[in-house]
Amino acid sequence: MSLASMTTVVEPATEVAVTAQPAHWSRYLRPVLGFILPVTLAVGWELAVRYGYSNGRLVPPPSVIFRTFVELAETGELQQHAFITLWRVFAGFALGVSAGTILGALTGYSGLTHRLVDPTLQALRSIPSIAWVPLFLLWFGIFETSKVTLIAVGVFFPVYLGVMGAVLSVDRKIVEVGRAFRLSGFAMVRRILLPAVLPTYVISLRAGLGLGWMFVVAAEFLGASQGLGYLLVDGQQLGKPAQIVAAIVAFAILGKITDTLLAVVTTPFLRWEDRFARG
Amino acid sequence: MLTIDRVGKTYPNGVRALDGISLDVGPGEIVVVVGGSGCGKSTLLRAVAGLDIASQGRVGLDGDTITAPHEKIGIIFQEPRLLPWLTVADNVGFGLEHLPKTQRRERVAAALDRVGLADKAGAWPRELSGGQAQRVAIARALVPQPQVLLLDEPFSALDAFTRADLQDHLLDLWADTKPTLIMVTHDVEEAIVLADRILVMRPRPGRIYEEIIDDLPRPRDRQSAAFDFVKRRVLAALDRSLDRAVSVDERTEKAEAGAHSWW
């Protein structure tokens with residue numbers, strides 16, 4: 001094959017790339033696609049209640065939920081509950097991530113630490129984290145410490161597993177480049193291992209954060225007088241389904257916002273990735 | 001002066017990969033090692049690089065014994081092995097971390113210019129073609145100005161056209177600072193184009209079987225009769241090196257016969 005015929009193969013490909021660029025309107029329309037399903041369902045339910053097909057007592061229509069939401073927000077109650085819940089998640093997340101990162105990096109990097117520590121941690125991992133609650137209540141009392149600890153335990157395991165697995169699976173060939181440039185110890189970790197594990201690390205952070213939100217509800221179910229989880233329990237005991245749904249919506253919003261923040265903050269560090277991207 | 005003195009390598013499972021390799025390579029010399037697969041070519045190179053430690057013998061560079069990667073020895077692998085999270089420029093400057101930023105930038109820019117990739121400085125490794133990536137790897141290895149450059153089948157994953165192009169390019173770059181070059185390859189033509197000396201290795205355990213001086217005038221014409229003659233010699237030596245069944249006497253006879261019947 002000659003050089004000339006090779007260039008003719010290349011040219012149509014660049015043309016395809018140009019035409020494959022998204023049309024102008026679809027860039028703005030695409031995010032809207034995600035709203036079609038929930039909005040249709042909400043409007044449908046609203047209409048069903050309004051036209052008397054359902055009394056909407058147990059499943060309040062969106063307008064009632066919205067009203068409850070606004071009422072809770074106007075009294076400042078919602079913000080207060082949301083704030084305390086956020087604080088718990090962040091405290092537990094920070095603790096769990098720190099411990100998970102350090103232990104995961106150690107067990108990934110050093111075979112001896114792995115053999116010493118990992119079997120115990122894997123055994124602890126197989127205990128459903130909620131099972132710790134009675135013990136944590138005895139140890140740390142019913143206030144913040146026990147709640148934050150429970151969340152930290154929930155966050156710890158995905159982060160620990162993620163970091164350890166990522167360090168273990170760093171390409172030997174890349175590590176060898178570091179060795180050829182006489183890197184060792186901390187320099188090797190900083191310049192080779194850390195950047196190499198970053199994509200996996202971000203995934204485990206997001207998994208950890210998701211579990212953090214899960215465990216904050218569990219923690220707040222067990223004797224809290226504040227927090228979005230308390231709003232849930234309170235709504236159940238006083239028969240206020242709208243309050244329950246309002247709290248659930250608040251969880252959804254906060255969970256989505258924190259996850260998006262995490263993704264947005266980490267994106268600039270991952271621009272180099274050679275990944276499969278959907279159109 | 002790079003000195004390899006009776007170097008042997010025995011793996012923990014008892015396999016003897018290298019046995020009694022002795023070799024002196026002078027400054028600016030280009031030595032190419034060829035041999036069948038599993039004859040210990042790469043093992044030898046890794047021992048010189050300090051990535052593996054020889055079980056017996058000693059590798060020395062100007063009086064230093066090599067037991068770990070050395071600042072005066074650079075290595076280029078079969079794959080480019082660029083760090084995907086660094087831009088092309090940062091990859092080239094990877095070994096210059098100790099230099100001040102302005103100086104580092106200057107040397108990286110000069111090196112990228114030299115390998116013809118100045119316009120790719122800000123690109124990510126994933127955006128490069130195989131040949132471009134390997135050129136960045138060459139720039140990365142050369143920019144700390146090593147005294148010895150080791151190349152482990154650096155062009156074997158490239159197409160024939162790119163490979164010939166990079167061979168010429170490598171010689172061009174070599175002429176800048178004239179480091180000692182030790183290259184491992186399984187491409188006989190590549191060996192003849194580049195080498196001052198060709199070493200044919202023999203497997204189980206890996207030993208130097210034959211040394212062929214390649215003193216064709218440079219630049220070397222791949223189509224010339226002289227080139228073809230050296231090629232036949234190397235191929236014959238390779239053929240003999242892999243033929244373990246015949247005795248030493250028979251081998252010399254076969255060599256003469258083989259040299260004529262190869263083509």
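Note on naming: letters A, B, ... go to the chains in the order of the sequence lines (proteins, then strands), and numbering restarts at 1 for each one.
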**Student:** Would you mind reporting whether A/Pro195 and B/Leu86 have side-chain heavy atoms less than 4.5 Å apart?
**Tutor:** no
**Student:** Measure distances from B/Pro125 to the heavy atoms of chain A and classify the residue's part below 4.5 Å as side chain, backbone, both or neither.
**Tutor:** neither
**Student:** Might you point out which heavy atoms bring A/Glu176 and B/Arg81 nearest each other, and give the distance in Å?
**Tutor:** OE1-NH1, 2.8 Å
**Student:** Taking the side chain as C-beta and beyond, is there a heavy-atom pair between B/Arg140 and A/Val177 under 4.5 Å?
**Tutor:** yes
**Student:** Identify the heavy atoms of B/Leu82 and A/Ile174 that sit nearest to each other, and give their distance.
**Tutor:** O-CD1, 3.6 Å
**Student:** Where do A/Ala180 and B/Pro69 come nearest, in terms of heavy atoms and distance?
**Tutor:** O-CB, 3.8 Å
**Student:** Side chain, backbone, both or neither: which part of A/Ala187 has a heavy atom under 4.5 Å from chain B?
**Tutor:** neither
**Student:** Using non-hydrogen atoms only, which part of B/Glu79 is less than 4.5 Å away from chain A: side chain, backbone, both, or neither?
**Tutor:** side chain
**Student:** Does any backbone or side-chain atom of B/Phe77 lie under 4.5 Å from a heavy atom of chain A? Answer side chain, backbone, both or neither.
**Tutor:** side chain
**Student:** What closest approach, in Å, do B/Glu97 and A/Arg190 show between heavy atoms, and which atom pair accounts for it?
**Tutor:** OE2-NH2, 3.3 Å
**Student:** So which part of A/Leu183 gets closer than 4.5 Å to some heavy atom of chain B, the side chain, the backbone, both or neither?
**Tutor:** side chain
**Student:** Do A/Arg179 side-chain atoms and B/Leu51 backbone N/O form a donor-acceptor pair below 3.5 Å?
**Tutor:** yes
**Student:** Taking the side chain as C-beta and beyond, is there a heavy-atom pair between B/Trp85 and A/Leu194 under 4.5 Å?
**Tutor:** no
**Student:** Distance-only, no hydrogens or angles: does the A/Arg191 side chain make a donor-acceptor pair with backbone N or O of B/Phe94 under 3.5 Å?
**Tutor:** yes
**Student:** Identify the heavy atoms of B/Pro84 and A/Trp272 that sit nearest to each other, and give their distance.
**Tutor:** O-CB, 3.0 Å
